[in-house]
Amino acid sequence: MWNLLRLHNYEIHIAQGLHLQMMDEERNDSDDKSLSSDSCRLWSQWQLLDSVLPTGGFAHSCGLESAMQACLVFGPEDLRKYVVHVLENTGSLLLPFVHAANMSPDLQTWQKIDRLLDATLTNEVSRKASIAQGSALMRVAAAVFSEIPSIKMMRDTSLGSSMVSLHHAPIFGLICGLLGFDGETSQRAYMFITMRDVISAATRLNLVGPLGAAVLQHHVGPIAEDLSKKWMNRDVEEACQTCPLLDTVQGCHGYLFSRLFCS
């Protein structure tokens, strides 16, 4: 009788051990899947910021080409000041729209702030540039990030509709939100791609060489961080122009006799 009782307890102990082992394996599988999902999302986030992504940003100089021909930018020091002013203007005017779309990445919010930005941009050159880049980003995102069907759904809904103009800043914030960027990271990312595109345009305009451009971007980085913190997390009602001269110069881009960029 005693042996039977010991055998029964032993079987219970074995069963409990097997149960705990199975629970550990299930937990490990779940953790592995979670890590795999987070890693895949990280790759997608990096791809969104990659210059190889064909969103058309390198076709625009943010008014730099026009500023050169207006003799406002002559060399590296002028270029540095110009980049800082562009970042200041981007932070004050566009970061609120990136933030709003990132916080509520849904169709209704996006359409609302897109219409508001369309009414805010009075410079026709920058307005067309924003729409061109936004349309390209939405098209690329719908094709590349197919694991997020809502991007394609929103693009299909907006095509041929008068409800949205497809401005770049709200679309960037929208896609950042759907890809899992937090609010502050998405706003820093927008400042980064703006800085990258302006400095890239300066390289092609022979204002600075490739190595000098890399050094300039590194030196402007801390300034971009300060400006990001200054204008971060603001409501769209607070969006404003801080450097109206840049807006005026960019508006003259269409009158240039010869030009390399679209804006």
Side-chain angles (χ1 to χ4, degrees), residues 34 37-38 40-50 53-57 59-60 90-124 126-194 197 228 231-241 262-263:
S34 177
S37 176
D38 291 342
C40 289
R41 176 177 294 180
L42 191 60
W43 284 95
S44 296
Q45 292 173 347
W46 288 343
Q47 185 174 12
L48 179 64
L49 305 182
D50 195 340
L53 201 69
T55 57
H60 305 273
T90 299
S92 64
L93 180 63
L94 299 176
L95 281 196
F97 294 91
V98 175
H99 174 60
N102 177 262
M103 291 295 98
S104 300
D106 57 77
L107 182 64
Q108 291 73 24
T109 301
W110 169 50
Q111 290 180 340
K112 178 182 177 181
I113 62 177
D114 182 89
R115 290 194 297 270
L116 181 58
L117 180 57
D118 191 65
T120 303
L121 295 176
T122 56
N123 178 346
E124 188 64 15
S126 62
R127 179 179 173 276
K128 288 182 177 179
S130 176
I131 292 174
Q133 293 181 73
S135 301
L137 178 58
M138 186 62 119
R139 182 181 67 252
V140 170
V144 174
F145 307 122
S146 56
E147 70 276 10
I148 307 176
S150 57
I151 298 179
K152 186 177 187 304
M153 180 274 293
M154 284 188 269
R155 178 174 184 267
D156 292 342
T157 302
S158 64
L159 289 178
S161 171
S162 59
M163 297 295 292
V164 287
S165 300
L166 298 172
H167 283 286
H168 186 249
I171 290 178
F172 186 86
L174 172 73
I175 295 172
C176 281
L178 294 174
L179 286 177
F181 279 88
D182 61 70
E184 293 187 357
T185 302
S186 66
Q187 292 171 81
R188 285 188 176 92
Y190 195 77
M191 294 287 276
F192 169 78
I193 64 171
T194 300
D197 290 352
S228 298
W231 298 106
M232 192 172 282
N233 300 335
R234 295 180 182 249
D235 295 331
V236 292
E237 290 78 12
E238 300 180 63
C240 61
Q241 290 271 10
C262 296
S263 68

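Residues take their numbers from the sequence shown, with the count starting at 1.
- Side-chain polar atoms of Gln187 and Asn233 form a donor-acceptor pair below 3.5 angstrom.
- Interatomic distance, Ile113 CD1 to Asp235 CG, rounded to the nearest 0.5 Å: 11.5 Å.
- Using a 4.5 Å heavy-atom cutoff, the side chains of Arg155 and Arg139 are in contact.
- With rounding to the nearest 0.5 Å, the separation of CD in Glu184 from CG in Leu95 is 11.5 Å.
- Using a 4.5 Å heavy-atom threshold, the side chains of His167 and Phe97 count as separate.
- When all heavy atoms of Ser186 and Cys176 are compared, the pair lying nearest together is CB-CB, 3.7 Å.
- More than 12 heavy atoms of other shown residues, nucleotides or ligands fall within 6.0 angstrom of atom CH2 in Trp46.
- The CG atom of Leu174 sits 9.5 Å away from atom OG1 of Thr109, with the distance rounded to the nearest 0.5 Å.
- Counting heavy atoms from C-beta on, the side chains of Met232 and Arg188 come closer than 4.5 Å.
- Formation of a donor-acceptor pair under 3.5 Å by the Ser130 side chain with backbone atoms of Ser126 is not found in this model.
- Heavy-atom minimum distance, Leu117 versus Ala169: CD2-CB, 4.3 Å.
- Side-chain contact check for Leu48 versus Leu137: some heavy-atom pair is nearer than 4.5 Å.
- Between Gln133 and Thr55, the closest side-chain pair of non-hydrogen atoms is not below 4.5 Å.
- Residue Asp114 comes nearest to Ser165 through the heavy atom pair OD2-N, 2.6 Å, listed as atom of the first residue, atom of the second, then distance.
- Across all non-hydrogen atoms, the minimal contact from Ser263 to Ala129 is OG-CB, 3.5 Å.
- Considering CG of Leu116 and CG of Leu121, their distance stands at 9.5 Å, rounded to 0.5 Å.
- Once rounded to the nearest 0.5 Å, the distance linking CE of Met153 with OG1 of Thr157 reads 5.5 Å.
- Remark: Leu178 CG to Asn102 CG distance equals 9.0 Å, nearest 0.5 Å.
- Counting all heavy atoms, side chain and backbone alike, Gly91 lies closest to Pro96 at O-CD, 3.6 Å.
- His168 and Phe172 have tilted rings, their planes meeting at an angle from 30° to 60° on a 0 to 90° scale.
- Judged by distance alone, with hydrogens and angles left aside, the side-chain atoms of Gln45 form a donor-acceptor pair with the main-chain N or O of Leu179 at under 3.5 Å.
- Using a 4.5 Å cut-off on side-chain heavy atoms (C-beta onward), Glu147 and Phe145 make contact.
- Listed here is the closest heavy atom pair of Phe181 and Thr185: CD2-CG2, 3.4 Å.
- If you run side chain to side chain contact (heavy atoms under 4.5 Å, CB included) between Ser158 and each of Leu107, Ile171, Leu166, only Leu166 comes through.
- Looking at Ile148 and Ile175, their side chains never come closer than 4.5 Å, going by heavy atoms from C-beta outward.
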